[in-house]
Amino acid sequence: MASYPQMPKRKSVLIDYQKLAKLTGFASYSTFRETHKELVNESVTNRTCGRQPGWSESVAVGSRSFVDL
């Protein structure tokens, strides 16, 4: 299985990674990053990484009727 680095290039950073870690309940960004990596790898390994209506039909994307407007 391929492993993808989670180290963004510093010159194009738009996210405050320390604040992201804090807002999501992690003590540090390295802990957040490691947990995220484990969750993604588990999802890919278990093939549970498909479309999830609870996320893809939420406010960020919208329902089919909303998108068709």
*Residues forming a side chain to side chain contact (heavy atoms under 4.5 Å, CB included) with Q18, sequence neighbours excluded*: D16, Y29
*side chain to side chain contact (heavy atoms under 4.5 Å, CB included), paired with K37, selected from L39, N41, V40*: N41
*Report the distance from atom NZ of K19 to atom OG1 of T24, rounding to the nearest 0.5 Å.*
12.5 Å
*Would you give the length of the straight line joining atom CZ of R33 to atom CG of L20, rounded to the nearest 0.5 angstrom?*
11.5 Å
_Side chain T31, main chain A27, donor-acceptor under 3.5 Å_ =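 The answer is no, because no donor-acceptor pair under 3.5 Å joins these two groups.
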